[in-house]
Amino acid sequence: MNLRIWTMAILTLMAFSCSNKKQNEQEAIKADDSKEKTEVLKVSEILDHPENYVDKKIKVKGMVVHVCQHGGKKLHVSEAGSDQKLRIKAGKDMSAFEQKIEGNTVQITGKFTEERIDQDYIDKLKKGDSEEHHDHAEEKSEEGKDSHGVSEEYIKELKEKIENSENGYISEYWLIADEVKHSEE
């Protein structure tokens, strides 16, 4: 009788051991899969189909063509021979981008986001409640700016785009940077 009990106990332990090992292996595989194995994307790949990347962690390589002089928390990257620009914002744990990186090729990792601009947004922009477009408004002509630094021309341009959109809003896409590395071409 004791022999049977010992045999059953050993078999039970072996069964648990095997299933536990399989479970641990499956958990390790899932953990590897959950780590973002992001390939380095081109600016054009992202901007040609931005909806494919919204709310995903991505990695992009491009040349810094503009660093916002108002705070340095935003920049634009582009690829050689293209006029497409991907907008980048420094993540909450990042310091401002240095002006000296303008003209350098960088690799940026972060979360790709969509910002929807509608009439409510424009109303906030007019009141000065939104800092989001400060750098874009800055790029517009100095003439016609209201007290909040946003030109009437720029607001008119946004309104027209919204009116002509099918959805009642326009989308702007941003990469919220977690990491910026200098890259070799």
Side-chain angles (χ1 to χ4, degrees), residues 36 38 41-79 81-104 106-180:
E36 300 277 346
T38 52
L41 300 167
K42 294 180 182 179
V43 171
S44 59
E45 286 178 276
I46 298 165
L47 293 180
D48 287 348
H49 300 285
E51 64 281 355
N52 294 341
Y53 301 99
V54 173
D55 294 330
K56 293 183 181 174
K57 187 170 185 170
I58 63 170
K59 195 178 290 185
V60 65
K61 182 178 176 181
M63 181 189 294
V64 178
V65 294
H66 172 77
V67 176
C68 179
Q69 294 179 357
H70 180 268
K73 289 289 210 168
K74 299 174 185 173
L75 60 82
H76 298 163
V77 294
S78 187
E79 56 190 71
S82 173
D83 59 350
Q84 288 184 309
K85 296 179 209 171
L86 179 61
R87 295 177 177 119
I88 314 293
K89 289 182 189 178
K92 65 180 180 179
D93 296 330
M94 290 189 69
S95 58
F97 300 115
E98 296 179 14
Q99 293 291 320
K100 68 181 182 180
I101 68 168
E102 200 166 296
N104 291 311
V106 294
Q107 181 174 294
I108 303 169
T109 304
K111 184 177 180 182
F112 192 69
T113 62
E114 175 186 27
E115 180 179 345
R116 292 184 176 178
I117 300 169
D118 56 14
Q119 187 59 48
D120 288 339
Y121 185 92
I122 289 176
D123 293 342
K124 287 179 183 177
L125 191 62
K126 282 182 178 179
K127 291 178 187 175
D129 293 342
S130 175
E131 287 293 316
E132 296 303 316
H133 280 82
H134 183 82
D135 60 334
H136 304 300
E138 195 175 81
E139 294 169 7
K140 301 292 180 187
S141 161
E142 288 292 323
E143 296 176 27
K145 284 189 178 181
D146 66 15
S147 61
H148 303 294
V150 179
S151 72
E152 286 299 318
E153 177 186 328
Y154 180 63
I155 289 176
K156 182 180 175 184
E157 182 182 315
L158 285 176
K159 279 184 178 183
E160 287 176 11
K161 287 180 180 179
I162 292 168
E163 288 169 5
N164 293 327
S165 73
E166 295 176 9
N167 304 321
Y169 63 86
I170 54 175
S171 295
E172 281 196 353
Y173 297 96
W174 292 87
L175 179 59
I176 310 302
D178 295 329
E179 179 180 47
V180 177

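Both backbone and side-chain heavy atoms feed into the values below; hydrogens, waters and symmetry mates do not. Model, not experiment: these values are computed from the prediction.
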Quiz item: Got more than 12 heavy atoms from elsewhere within 6.0 Å of NZ, Lys42?
Solution: no
Quiz item: What is the minimum heavy-atom distance between Lys85 and Val43, and which atoms define it?
Solution: C-CG1, 4.5 Å
Practice problem: Supply the atom-to-atom distance Ile155 CD1 to Glu160 CD, rounded to the nearest 0.5 angstrom. | Solution: 12.5 Å
Less than 3.5 Å apart, which donor and acceptor atoms pair up between the side chains of residues 91-100 and the rest of the protein, not counting sequence neighbours?
{"from": "Glu98", "atom 1": "OE1", "to": "Lys100", "atom 2": "NZ", "distance (Å)": "3.4"}
{"from": "Gln99", "atom 1": "NE2", "to": "Cys68", "atom 2": "O", "distance (Å)": "3.3"}

Quiz item: Between the side chain of Asp118 and the main-chain N/O of Asp120, is any donor-acceptor distance below 3.5 Å?
Solution: yes
Quiz item: Which atom pair, heavy atoms only, marks the closest approach of Ile162 to Gly168?
Solution: CG2-O, 3.4 Å
Quiz prompt | Closest contact, heavy atoms only, Val65 versus Ser78 | solution = CG1-CB, 3.9 Å
Quiz prompt | Qualifying residues under ring-ring contact (aromatic ring centres under 6.0 Å, His included), relative to Phe112, sequence neighbours excluded | solution = Tyr173
Practice problem: Scan Ile176, Ile58, Leu75 and name whichever one has a side-chain contact (heavy atoms from CB on, under 4.5 Å) with Ile108. | Solution: Leu75
Quiz item: Are Lys57 and Asp178 close enough that some pair of their side-chain heavy atoms sits under 4.5 Å apart?
Solution: yes
Quiz item: Would you call Glu152 and Lys156 a salt bridge, using N to O less than 4.0 angstrom?
Solution: no
Quiz item: Is the backbone N or O of Thr109 less than 3.5 Å from a side-chain atom of Glu179, with the two atoms forming a donor-acceptor pair by type?
Solution: no
Self-check item: Nearest-0.5 Å distance that lies between atom CD1 in Ile88 and atom NZ in Lys74
Solution: 12.5 Å
Exercise. For the residue pair His49 and Glu51, establish whether any side-chain heavy-atom pair is separated by less than 4.5 Å.
Key: yes
Quiz prompt | Separation of Ile117 CD1 from Lys124 NZ (nearest 0.5 Å) | solution = 12.0 Å
Quiz item: About how many Å separate CD of Glu45 and OH of Tyr53, when rounded to the nearest 0.5 Å?
Solution: 5.5 Å
Quiz item: Does Asp55 reach the side chain of Lys111, with side-chain heavy atoms less than 4.5 Å apart?
Solution: yes
Quiz item: Can a donor-acceptor pair be found between the side chains of Ser44 and Gln84 at a distance below 3.5 Å?
Solution: no
Exercise. Look up atom CZ in Arg116 and atom CD1 in Ile170, then write down how far apart they are to the nearest 0.5 Å.
Key: 12.5 Å
Practice problem: Test side-chain contact (heavy atoms from CB on, under 4.5 Å) on Leu158 and Leu125 and set out the steps. | Solution: CA-CA 11 Å; Leu158 285 176; Leu125 191 62; 3.9 Å; yes
Self-check item: Between CD on residue Glu102 and NE2 on residue His66, distance to nearest 0.5 Å
Solution: 7.0 Å
Quiz item: Given side chains that start at C-beta, do those of Arg87 and Glu115 come closer than 4.5 Å, heavy atoms only?
Solution: no
Quiz item: Are side-chain heavy atoms of Lys159 and Gln119 found at a separation under 4.5 Å?
Solution: yes
